[in-house]
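To keep things clear, I will list the structure first and then write my remarks on it.
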Amino acid sequence: MAHSARRDSPELPDLSLLKRLVRDQLIYLLEQLPGKKDLFIDSDLMSPLDRIANVSTLKQHEVDKLYKVEHKPIVSISDQICFLIRPRIQTVKWICDVVNADKAAGKFRRYKIIFTPQKFYACEAVLEEQGVFGDVTTDEWAFYLLPLDEDIISLELPEFFRDNFLAGDQRWVRTAGSALHLLHSLFGPFSKVYGIGRCSKMTYESWREQVEQGEQKARHAEIGNVFLIDRDVDFVTPLCSQVVYEGLVDDIFRIKCGCVEFGPEVTSSDKSIKVMLNSQDKVFNEIRNEHFSNVFGFLSQKARNLQTAYDKRRGMDIQQMKTFVSEELKGLKQEHRLLSLHISASESIMKKKTKQDFQELLKTEHCLLEGFEIRECISFIEEHINRQVSMIESLRLLCLLSVTENALCLIRPVSCAGFRQSYGADHLLTFSNLRQLGLLVEQQPGETLTVMESKVGKLVNDRTAVKLTDAFSSLAKKSHFRALSKKLNLVPKSDEEYDLRVPRDMAYIFSGAYIPLSCKIIEQVLERDSWTGLEEVTRLINGHEFAVTGADPKSKSDAQRIILVMFLGGCTFSEISALRFLGKERGYKFIVVTTAITNSSRLLEALLDNNV
Amino acid sequence: MMKSKADEEDYWNSSKYNAFTFDDADDELSALKETKKAVNSIGPLLAEDGEEDWERVSWSGEPVGSISWSVKEMAASNQRADREPAFPKISTETPSLSKSQSGISLSSLFKGKPKGGNLQTFNDVLGDSSLRLYTPELRKPKSEYKDLVSDWSAEETVQRLQQGKGVTLEKFRSLQDKLLLLDLAVAAHDGNAITAVLIYLKRTLCKEVLFRELESRQTALRHFIHYLTESREQRLLLELLRALGRTEEAALLQYKDYKNIADENKRRDFLKSCLSLQFGGEDGNHVQDHYTLLERQIIIEAADRKAEREGKLEVFQKFPRKASILNMPLITTLYYCCFYHYNEPEGTFSSPLNVRQTFKISEKQYFTTALAARAKLKNWTDVDAMFNSRNWLGFSKKKSPLSFQRVVDILQKNSAPTRVLQEYVGLVSDAELRIGLAQKHKCHDIVINTYRDMKDRQQLAEYRKKVERGSAEERKIDELLSNQQIRWKN
């Protein structure tokens, strides 16, 4: 298959338009408060803001001083204050405190809150309750979409995951619908929308209503198809260790808004540097989707090429030298810098990974995915916990065990009690969250149902098991990973050698051990152009799938091969790499829209209880 | 892309904002009446099964598996037929969920969408000022206040809520009206609108009625719980959970409050008071453990702080405590006890054996922790003693509940010298693994002996190159290689 890769991939639409639009709107909003003003920014808005504007843009529009929202009394002396915040009750309460403190001190100022991406009634209710409604003006900055790269757009709403899936709060559904609507207006009309998951369906509905309420003009479509997918359709994939370069960098250094901070261990100086990681970085662009085992080889080849290019200048005459310096040298130097940066980053990754027995960890993960040597895996996890090694890692392995093996029912030794003993009593609440989400299902003493059910599930076919599950609705949140894996061939046969340099399928992103469920579903639906034949799969996932056609595509244009995949609740870099691979194979181009970039740590940290 | 400033001003000033005109007012009115009637006659809690009064068809003949596609009633779809071909509506609720929505026909909610006057459209993007499409509500307050006077129906109100426009909810005074509003918001899947209605309901209904109505409306209930959590209305939230019989959640919520108590004695007392709460499953035992642990930590901390200050105990001098043991996890506490109080009789609170006993710590866990603690102190005698077990003939044999590979790992992480490591590397039963570890930790004897036992001459010869010239190891290898009695396999 790898050899049949199609070369005629369509061109991606220019997403930078999105940045220009939001920048213009921000400027407009700032001008609504003429004169000098101090600006308070929510800390998690700073990086997104950095991507679309800089300090001088703000200064040009009379922003005097910039502060971070810290929920403390403020020191600003300006008589106009603007708050740029996410719509959160506690932040608004703090603003009310600021206003009321000023009032008590007899200080007069003008206040403006700019909520982004939208305001919530609950926030306005706080203003009203605290008696400052009217003293403070409010606005909305519809900053829904931040293009992180030419094929990645983020809503930068990590809380989407917890709010929607854990708390069951649908506050962001409209936001997601509006984001889709914006993309539809700019790059549509879409001709086909597929989706799976409850939230996807609601998002679709919200979007459809917004389309209906507006007027559509016939335009030349740049994006033809859309795929919506809920994060809870596939929890296995984000729980796996990432081994593709970009994912690995994210797991270790945490990429924030497309930017990573490399510490002294990488820069080998006492300073950290921030680097943008996107397709503009030529070196990164070539290794981002590669399995880590290939990265070193690639980088050293690159280094040799660079040497040759530098060597060219030997034996040049003055004129040639002049052209070389003006045309090539700068590019070469830039490449040189990037190359050495990624080499040090790779080294640092290697060092970190060997220290924590990465090999063994991966082996355990692969066994869990394959359903093989589960007892060994359990004792590995148990020791991991006993030795108080990284809490998040332990939690990740426990959850992976639970979602792949469908509950820890058969296994007493890995009691979650051990986890609490090692990492502290507060995890009582963490576990309650994980249970609620179905990420960690413990067997309670006396809960024989689970055991019975899993036995029945093994004896009878999966369909019966599903029916049983439905019948016992208290156990509805069960993972059927094993059955899904069999149905969709997610785990390639292990007796064949997997050449990671010439990947034959998306499994390469997990060292050939597992094809990400989320991406496999997308592949299957696109291939069939519908959900036909996947009934069993959708039943196991708990359904809510849909495929709808809108206006007939005017022509069989390239747009039909551009597919927007929207992950509700976050997606990982590994999944993006897998889709890029799929795109190359099938002649598609994917644009990934996600509520936020996630990985195992972010996913689990969102569920720790100290989060609220 | 951007238009000139003058153009913008022009746009905003001329924007008429003729909010909300209906193409078909009659239709709306009848829809409203219908819905109200439906609500009044059925009552929110008595939704019967046979309320499927909207059609379910498989949309455009596509086989769609188990999902049924609800589409608009004929009238509504006809109405839309002359518009741009649009995407179809799909049912977003599972049938079982929609039953709790007072049995209102969903289709009646979506009739007669307002067309004009809606600024929140992204139409005509390329030709128009980008600002226009991005700033739907900027001039809202002044232009809109007078609109508020008008009498919005429940449907219109929810729609306005969805669009983020101003609304007045005060006119919805009867319980039916309030619940209709709530159910409509839920049907629209807009959390913001749902919460807005809930805030109004909270203000205007007594708790008993509100809680009772929420019980049959799970989506709304979850929004309400989340809202109370976010706005930190703990007391009301607890009342709600108790009224719903969700005592286990209430217990957890109450327990969680310990985090806000910094003083350890107060915290302990608080935890003690939590013991009487009704936790679910094993949770009660864990809270009990939490309390017992803190109680014990307080005693140990007081005693050790004193001992440290008085300087009587050598171990505190040699290894000053880095932090207080208060609020540390159980295993950390055990480690601490193994570190500072290893040989205490079982009767004391700080004795590791006592801790183990009280909290029912597994043998493996205890062993791992004690090993790490004694290794950290470089007390190799204690380490050695942990492995000793005698059989009935009195022979001693090294035994471990942990694999020896893991033992080596722990010792090595605590920088054990080669001489100590060697002993345990030698006990790894798998030969390959043993050689790997021995090479890694430079235990030459073990490597050499293992190769000898495996009769692997080639490997042994190969290893000769790795040891130091003229060393004892080299001599040993040479002796072996020239030994005629060994039957090499290669």
Side-chain angles (χ1 to χ4, degrees), chain A residues 20-21 24-25 28 89 118-122 125 139-140 142 167-171 173-174 181-182 185-186 193 201-202 204-206 208 211-217 383 386-388 417 420-425 428-429 432 444 530-532 535 538-539 543 545-551 612, chain B residues 1-2 59-60 62-67 84-90 92 113-114 118 121-125 130-131 134-135 137-138 161-162 164 189-192 194-196 199 219 222-223 226-227 229-231 252 256 259 281-283 286-287 290 329-332 359 361 364-365 368 406:
Chain A
R20 290 206 301 277
L21 290 175
D24 291 351
Q25 202 202 354
Y28 179 84
I89 289 179
Q118 65 185 104
K119 68 180 158 202
F120 288 141
Y121 286 95
D139 258 322
E140 286 180 323
D169 189 319
Q170 299 162 3
R171 63 175 63 174
V173 169
R174 171 93 184 177
H181 187 204
L182 175 57
S185 321
L186 294 175
V193 182
K201 225 176 207 185
M202 293 190 242
Y204 166 80
E205 267 304 303
S206 167
R208 189 193 55 78
V211 171
E212 230 172 62
Q213 284 159 11
E215 316 129 41
Q216 266 299 299
K217 266 201 183 158
E383 275 176 19
N386 284 350
R387 293 173 62 191
Q388 297 183 294
R420 279 171 224 137
Q421 291 182 344
S422 277
Y423 303 107
L428 204 56
L429 304 150
S432 142
Q444 301 292 341
S530 76
W531 290 93
T532 317
E535 293 81 1
T538 55
R539 226 191 314 267
E545 77 282 11
F546 58 91
V548 285
T549 315
V612 174
Chain B
M1 189 65 221
M2 261 186 78
W59 189 78
S60 73
E62 270 210 34
V64 283
S66 59
I67 289 289
E84 266 281 292
F87 279 90
K89 188 173 129 45
I90 52 174
T92 1
K113 285 276 145 59
N118 188 341
T121 56
F122 293 111
N123 58 322
D124 201 5
V125 176
S130 60
L131 290 174
Y134 265 86
T135 50
E137 297 288 338
L138 291 178
L161 281 173
Q162 277 181 269
H189 313 299
D190 187 329
N192 180 30
I194 299 171
T195 308
I199 292 171
T219 306
R222 296 186 81 182
H223 281 80
H226 195 215
Y227 169 70
T229 312
E230 267 198 301
S231 54
L252 269 183
K256 189 166 141 179
K259 292 186 180 184
E282 294 276 285
D283 289 1
H286 294 301
V287 176
H290 189 185
L330 175 60
I331 297 308
T332 313
F359 297 98
I361 295 169
K364 209 170 173 179
Q365 171 75 82
T368 312
R406 198 59 73 201

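Naming convention: chains lettered A, B, ... in sequence-line order (proteins, then strands); numbering from 1 in each chain.
In this structure, chain A has heavy atoms under 4.5 Å from both the backbone and the side chain of B/Leu252. Residue contact with chain B, scored on non-hydrogen atoms closer than 4.5 Å, involves the backbone and the side chain of A/Phe120 alike. Only the side chain of B/Thr195 comes within contact range of chain A, with heavy atoms under 4.5 Å apart. The contact between A/Ser422 and chain B is made by backbone and side chain atoms together, counting heavy-atom distances below 4.5 Å. A/Ala167 touches chain B through backbone and side chain together, each having a heavy atom under 4.5 Å away.
With values rounded to the nearest 0.5 angstrom, A/Glu383 atom CD is found 6.5 Å from B/Thr368 atom OG1. Here the OH-CG distance, from A/Tyr423 to B/Leu330, works out to 13.0 Å after rounding to the nearest 0.5 Å.
Closest of all the heavy-atom pairs between B/Asn192 and A/Tyr121 is OD1-N, 2.9 Å. Between A/Gln388 and B/Thr332, the shortest heavy-atom contact is NE2-OG1, 2.9 Å. Here the closest non-hydrogen pair linking A/Ala122 and B/Ile199 is CA-CD1, 3.6 Å. Residues B/Pro329 and A/Gly424 approach most closely at CB-N, 3.4 Å, considering heavy atoms.
B/Phe359 meets the ring pair (Phe, Tyr, Trp, His ring centres under 6.0 Å) test with no other residue; sequence neighbours excluded.
No other option in A/Val193, A/Asp169, A/Leu429 has as many heavy-atom pairs under 4.5 Å with chain B as A/Asp169. Here A/Leu428 is the residue among A/Val173, A/Leu428, A/Ile89 with the most heavy-atom pairs under 4.5 Å with chain B.
Between A/Arg171 and B/His223 there is no side-chain heavy-atom pair separated by less than 4.5 Å. Using a 4.5 Å heavy-atom threshold, the side chains of A/Gln170 and B/Asp190 count as separate. B/Ile331 has its side chain out of reach of A/Asn386: every pair of non-hydrogen atoms, C-beta onward, lies at least 4.5 Å apart.
Although no hydrogens or angles enter the test, the distance criterion places no donor-acceptor pair under 3.5 Å between the side chain of A/Arg420 and the main chain of B/His286.
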